[in-house]
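The next block holds one structure in the form of structure tokens; read it before the comments.
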Protein chains: 2
Amino acid sequence: MSPALQPAFRALADPTRREILTSLSQREMSLNEVTAQFSMTRAAVRKHLEVLVEGNLIHIRRQGRETLSTLNPDGLRPVVDWLSFFDQFWDEKLDALKTAIETETPDE
Amino acid sequence: MSPALQPAFRALADPTRREILTSLSQREMSLNEVTAQFSMTRAAVRKHLEVLVEGNLIHIRRQGRETLSTLNPDGLRPVVDWLSFFDQFWDEKLDALKTAIETETPDE
DNA sequence: ATATTATGACACCATAAGGTATCCTTTTAG
DNA sequence: CTAAAAGGATACCTTATGGTGTCATAATAT
């Protein structure tokens with residue numbers, strides 16, 4: 001149950017995989033359906049799906065003769081959490097801006 | 001002024017680079033200082049820094065004989081924005097939970 | 001002036017990554 | 001039963017990546 005941050009970040013590093021995630025956010029899709037959205041072979045897409053599984057960003061299940069993939073939003077949690085550490089720096093800038101504005105327009 | 005999402009995600013995909021970002025969040029550091037935190041050569045670290053610059057996640061400036069790197073928190077913005085699209089799925093789950101709770105304890 | 005410090009610039013390497021093509025197996029429609 | 005549909009599994013290929021080593025160069029301390 002470890003965070004598994006690396007596999008997730010690794011999975012997100014490829015544009016094709018990010019696009020796949022966006023597609024799967026709409027609905028569950030078979031390998032052929034996912035493949036139809038790209039100009040690459042089914043085998044290539046299958047590899048991307050496997051990387052996404054390793055990153056815990058999607059789930060795959062076999063139904064009959066097709067392989068259905070579904071988005072696993074929770075897998076993004078570790079990533080978002082890691083990034084949230086840097087929120088403080090944005091906040092600091094907002095605070096600085098707020099202070100600047102207040103100082104700029106002294107009310108009394 | 002484009003988002004440049006890919007270079008940022010690419011830069012974040014490596015654990016060493018993520019660690020560098022964390023270090024730089026503390027203070028500006030020279031190449032030697034950054035290198036001291038890892039068990040790899042200065043050249044290797046320098047390459048990582050270059051990738052971080054391409055991802056717009058840090059800034060580098062030459063001061064005298066040293067090269068100082070500083071964190072650029074704003075560079076994370078495109079990444080966070082992209083990820084925020086998926087927040088809705090978490091919210092949906094929260095809503096489902098809330099609904100479940102409300103249903104579970106009918107008040108009247 | 002002269003080491004020493006801090007890098008830049010390359011050349012080079014092994015492995016990981018992203019893709020393709022081919023062949024085999026499992027389901028399912030006729 | 002038989003062919004088409006949907007994938008799985010390999011083997012292979014090219015480039016990108018993450019690293020190392022070596023040598024040259026700009027700043028600095030003595």
Side-chain angles (χ1 to χ4, degrees), chain A residues 4-24 26-71 75 79 82, chain B residues 4-24 26-71 75 79 82:
Chain A
L5 192 61
Q6 182 51 31
F9 264 116
R10 195 263 214 180
L12 291 172
D14 184 273
T16 296
R17 287 193 290 266
R18 289 199 301 279
E19 209 173 325
I20 290 176
L21 290 181
T22 303
S23 294
L24 293 183
Q26 302 307 306
R27 69 170 191 290
E28 183 173 54
M29 295 173 72
S30 70
L31 175 54
N32 263 343
E33 289 178 305
V34 176
T35 302
Q37 302 183 295
F38 303 92
S39 51
M40 63 178 77
T41 64
R42 191 166 30 82
V45 171
R46 187 60 176 84
K47 283 190 182 179
H48 282 305
L49 291 178
E50 196 51 45
V51 175
L52 287 168
V53 166
E54 287 167 11
N56 193 35
L57 302 181
I58 69 171
H59 290 310
I60 289 185
R61 68 191 171 87
R62 194 77 193 266
Q63 184 175 54
R65 60 179 164 183
E66 37 187 29
T67 297
L68 301 176
S69 301
T70 58
L71 176 70
V79 174
W82 187 87
Chain B
L5 192 61
Q6 183 49 33
F9 264 116
R10 194 266 216 184
L12 290 172
D14 183 272
T16 297
R17 288 193 288 268
R18 289 199 301 279
E19 208 172 326
I20 291 177
L21 289 180
T22 303
S23 295
L24 294 182
Q26 303 305 307
R27 67 168 192 292
E28 183 173 53
M29 296 174 72
S30 70
L31 175 54
N32 262 343
E33 289 179 303
V34 176
T35 302
Q37 302 184 294
F38 302 93
S39 52
M40 63 177 77
T41 64
R42 191 165 30 79
V45 172
R46 186 60 176 85
K47 282 189 182 180
H48 282 304
L49 290 177
E50 196 51 45
V51 175
L52 287 168
V53 166
E54 287 167 11
N56 193 35
L57 301 182
I58 69 170
H59 289 310
I60 289 186
R61 68 192 170 85
R62 194 78 192 268
Q63 184 176 55
R65 60 179 163 182
E66 39 187 25
T67 297
L68 301 176
S69 301
T70 60
L71 176 70
V79 174
W82 187 87

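Here is how names work: the chains are called A, B, and so on, in the same order as the sequence lines, proteins then strands, and each is numbered from 1.
- The side chain of His48(B) sits closest to dG18(D) out of dG7(D), dG18(D), dG21(D).
- The base of dG7(D) lies close enough to the side chain of Arg42(A) for a donor and an acceptor atom to sit less than 3.5 Å apart.
- The shortest distance between side-chain heavy atoms of Met29(B) and Ser23(B) falls below 4.5 Å.
- The interatomic distance linking Glu33(B) (CD) with dT7(C) (C1') rounds to 14 Å, in whole Å.
- For the pair Ile58(A)/Thr70(A), no side-chain contact is recorded, criterion being any heavy-atom separation below 4.5 Å from C-beta on.
- Arg62(B) has its CZ atom 9 Å from the C1' atom of dT25(D), to the nearest Å.
- In this structure, Ile60(B) places its CD1 atom 12 Å from C1' of dG8(C), rounding to the nearest Å.
- Across the protein-nucleic acid pair, Asn32(A) atom CG and dA6(D) atom P stand 5 Å apart, rounded to whole Å.
- Taken to the nearest 0.5 Å, the CG atom of Leu52(A) stands 6.5 Å off from the CZ atom of Arg17(A).
- Mapped onto DNA chain C by nearest heavy atom, Leu68(B) and Arg10(A) fall at different nucleotides, with Leu68(B) at the one closer to the 5' end.
- dA16(D) atom C1' lies 11 Å from atom NZ of Lys47(B), rounded to whole Å.
- Residue-to-nucleotide contacts include no donor-acceptor pair under 3.5 Å from the side chain of Arg65(B) to the base of dT7(C).
- The distance between atom CD of Glu66(B) and atom P of dA27(D), rounded to the nearest whole Å, is 13 Å.
- Separating the CD atom of Glu50(A) from the P atom of dA16(C) is a distance of 17 Å, rounded to the nearest angstrom.
- Of the listed nucleotides (dG21(D), dA21(C), dG8(D)), dG8(D) has the atom at the smallest distance from the side chain of Leu31(A).
- Gly75(A) and Ala8(A) make their closest contact through O-CB, 4.4 Å (heavy atoms, listed as atom of the first residue, atom of the second, distance).
- The shortest distance between the side-chain N/O atoms of Thr41(A) and the OP1/OP2 oxygens of dT20(C) is below 4.0 Å.
- Residues Leu57(A) and Leu12(A) are in side-chain contact: their nearest non-hydrogen atoms beyond the backbone lie under 4.5 Å apart.
- Residue contacts shown for Thr67(B) are limited to sugar-phosphate atoms, with no base heavy atom under 4.0 Å away.
- Taking atom CG of Asp14(B) as the reference point, atom P of dA17(C) lies 11 Å away to the nearest angstrom.
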